[in-house]
Amino acid sequence: MKDSEQAVLAEMLQSAEDAAPVEAVEAVTGAIAATLNALGVSLLVADLSGRALVRLTHQPAADGPGRLQDGEAAEVLPFDGGPYEQVVRQQAPQVLPGAGRWRLLAPVTERGESIGLLEIDLPDEPDAEVIGRVARTAHALAFVVIANRRHTDLFEWGQRSTPFTLSAEIQRRLLPASFTCEAGAFTLSGWLEPAASVGGDTFDYSVDRDLLHVGVTDAMGHGVASALTATLGVGSLRNTRRRGLSLVDQADEANRAIAEHANVRGAYVTAVLGRIDLPTGRCELLNAGHVPPMLVRDGRTTALDLPGNFPLGMFPEAGFRSGEVLLRPGDRLVVVTDGMRERNAADLDLPAALLDIARLHPREAVRALSDAVLAIAGPVLADDATLLIVDWYDGHGPRRSTAGADTHRASAPPR
């Protein structure tokens with residue numbers, strides 16, 4: 001990176017720090033526009049549905065396209081297979097010619113999580129150097145968004161194309177801040193397609209120095225009661241995970257917490273908990289009354305045979321056992337909830353579908369499966385459909401592109 005570019009990035013980050021959280025992105029895009037003599041600059045954020053982009057603007061006069069609230073406007077641009085969608089899905093910049101201007105689109109991404117894209121209108125056709133510079137700037141912009149959305153509801157409001165119910169609001173808080181993570185030996189991505197009445201599904205993960213922790217849970221019932229039961233389960237599991245307890249001990253404590261504190265008689269949570277040793281690929285898994293996890297390996301999809309356990313909270317004194325699988329380079333571990341296999345989705349051949357999307361990045365694979373379930377059982381699901389995919393590469397260490405996202409399974413051997 002040239003000294004001049006470093007100076008621009010430093011100025012951009014300082015502009016974000018000097019601005020109020022709701023104005024940070026405008027401050028940064030303004031600095032970018034001035035540096036490139038741009039005719040216009042916009043940030044489009046990814047809609048929570050994963051099927052659209054949202055252009056956020058401030059319009060004090062309260063008139064303009066899209067949803068309006070307190071002078072803020074959110075214009076939804078549904079994916080249509082065009083260049084905007086291609087930039088997000090392929091994670092590569094595109095240049096579009098226009099009348100008297102050139103439009104440059106660059107993905108705004110952090111560790112594989114697609115935050116949106118940067119749209120810049122330029123008076124002249126950008127060369128490779130300018131495109132690369134804008135791509136790096138868009139990557140830096142991702143950190144500006146991540147840092148500032150902690151302090152405001154603006155981005156969250158803009159991403160919601162439909163209002164949330166109370167149960168959906170509770171469920172949303174139980175999910176990880178980022179649905180995708182690229183980190184050396186692995187790439188993972190999760191997705192939750194909610195039912196009309198939230199069904200209590202969650203997924204979670206955390207990366208330690210040498211361990212990857214993953215979990216998928218499904219609380220019984222629907223609505224607020226289910227969301228509150230899920231809160232007990234996820235809260236207990238996170239607490240024990242952060243205390244360094246084993247998978248069996250995590251399950252034991254979550255089991256007691258749900259049995260003792262759930263406000264619904266007979267409440268329980270099914271779960272798959274996992275812990276992967278990053279240097280070796282040793283994967284410990286615990287199945288508490290859940291759909292068996294699947295392993296895609298060498299062109300086959302296999303349901304993993306793990307010790308049987310009761311769901312968490314069903315019997316306060318129940319004991320738990322875990323199993324183990326040694327992951328190989330190119331393996332894909334898949335955990336789903338029963339919403340992926342409920343009666344309206346029974347026509348989906350999940351093992352075959354997993355083979356069909358084996359070459360997709362996990363971020364795109366989870367969305368492809370979600371789309372497949374909606375096509376068969378939708379548009380309104382009877383139960384939440386949730387899935388978590390972990391691609392294992394081996395070789396604990398950095399394995400990421402400078403653009404902030406690897407777009408395919410380049411590290412995996414051919415299938």
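Owing to the predicted nature of the structure, the values given are computational and were not obtained by experimental measurement.
Counted within 6.0 Å of CZ on Arg328, heavy atoms from surrounding residues, nucleotides or ligands total 12 or fewer; the atom is thus considered open. In Asp153, the CG atom is not crowded: 12 or fewer heavy atoms of neighbouring residues, nucleotides or ligands sit closer than 6.0 Å.
The closest side-chain heavy-atom distance from Val390 to Arg332 is not below 4.5 Å. You'll find the side chain of Thr35 reaches within 4.5 Å of the side chain of Arg133, heavy atoms only. A 4.5 Å side-chain heavy-atom check between Thr229 and Val269 finds at least one atom pair inside the cut-off.
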Determine, step by step, whether Tyr84 and Glu119 satisfy the side chain to side chain donor-acceptor pair (under 3.5 Å) criterion, reporting the C-alpha distance in whole Å, the side-chain angles of both residues, the deciding distance to 0.1 Å, and the verdict. CA-CA 9 Å; Tyr84 283 76; Glu119 175 192 82; 2.5 Å; yes
Check the pair Glu193, Arg367 against salt bridge (Lys or Arg N to Asp or Glu O under 4.0 Å), reporting the backbone distance first and the verdict last. CA-CA 9 Å; Glu193 198 66 48; Arg367 292 176 183 175; over 6 Å; no
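Pro78 approaches Ala52 most closely through the heavy-atom pair CA-CB, 3.7 Å. Nearest heavy atoms, Leu105 versus Leu96: CD1-CD1, 3.8 Å. Contact between Val335 and Pro293 at its shortest, heavy atoms only, is CG2-CB, 4.0 Å. Here the shortest heavy-atom pairing between Ile389 and Ala365 reads CD1-CB, 3.7 Å. Closest heavy-atom contact between Leu77 and Arg55: CD2-NH2, 4.1 Å. Summarising the geometry of Leu285 relative to Gly274, their closest heavy-atom pair is CD2-CA, 3.8 Å, with the distance given to 0.1 Å.
The side chain to side chain donor-acceptor pair (under 3.5 Å) contacts involving residues 305-323 comprise Glu284-Ser322, where partners must be two or more places apart or lie in separate chains.
Ion pair Arg149/Glu156 not flagged as a salt bridge, since none of the NZ, NE, NH1 or NH2 atoms sits closer than 4.0 Å to an Asp/Glu carboxylate oxygen. A salt bridge links Asp204 with Arg241: the distance from a Lys NZ or Arg NE/NH1/NH2 to an Asp or Glu carboxylate oxygen falls below 4.0 Å. The residues Arg51 and Asp371 are annotated as salt-bridged, a charged nitrogen and a carboxylate oxygen being separated by less than 4.0 angstrom. Taking 4.0 Å as the cut-off between side-chain N and carboxylate O, Glu364 and Arg359 do not count as a salt-bridged pair.
Of the candidates Arg89, Glu182, Gln91, Glu182 is the only one forming a side-chain hydrogen bond (donor to acceptor under 3.5 Å, both in side chains) with His361.
No donor-acceptor contact under 3.5 angstrom links the side chains of His290 and Asp218, judged on distance only. A donor-acceptor pair shorter than 3.5 Å cannot be found between the side chains of Ser236 and Asn239.
Between Phe310 and Tyr268, the distance from one ring center to the other does not fall under 6.0 angstrom.
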Only pairs under 3.5 Å count here: list side-chain donor-acceptor contacts from residues 24-33, not counting sequence neighbours, and write none if there are none.
unit_1, atom_1, unit_2, atom_2, d
Thr29, OG1, Val25, O, 3.0
Thr29, OG1, Glu26, O, 3.1

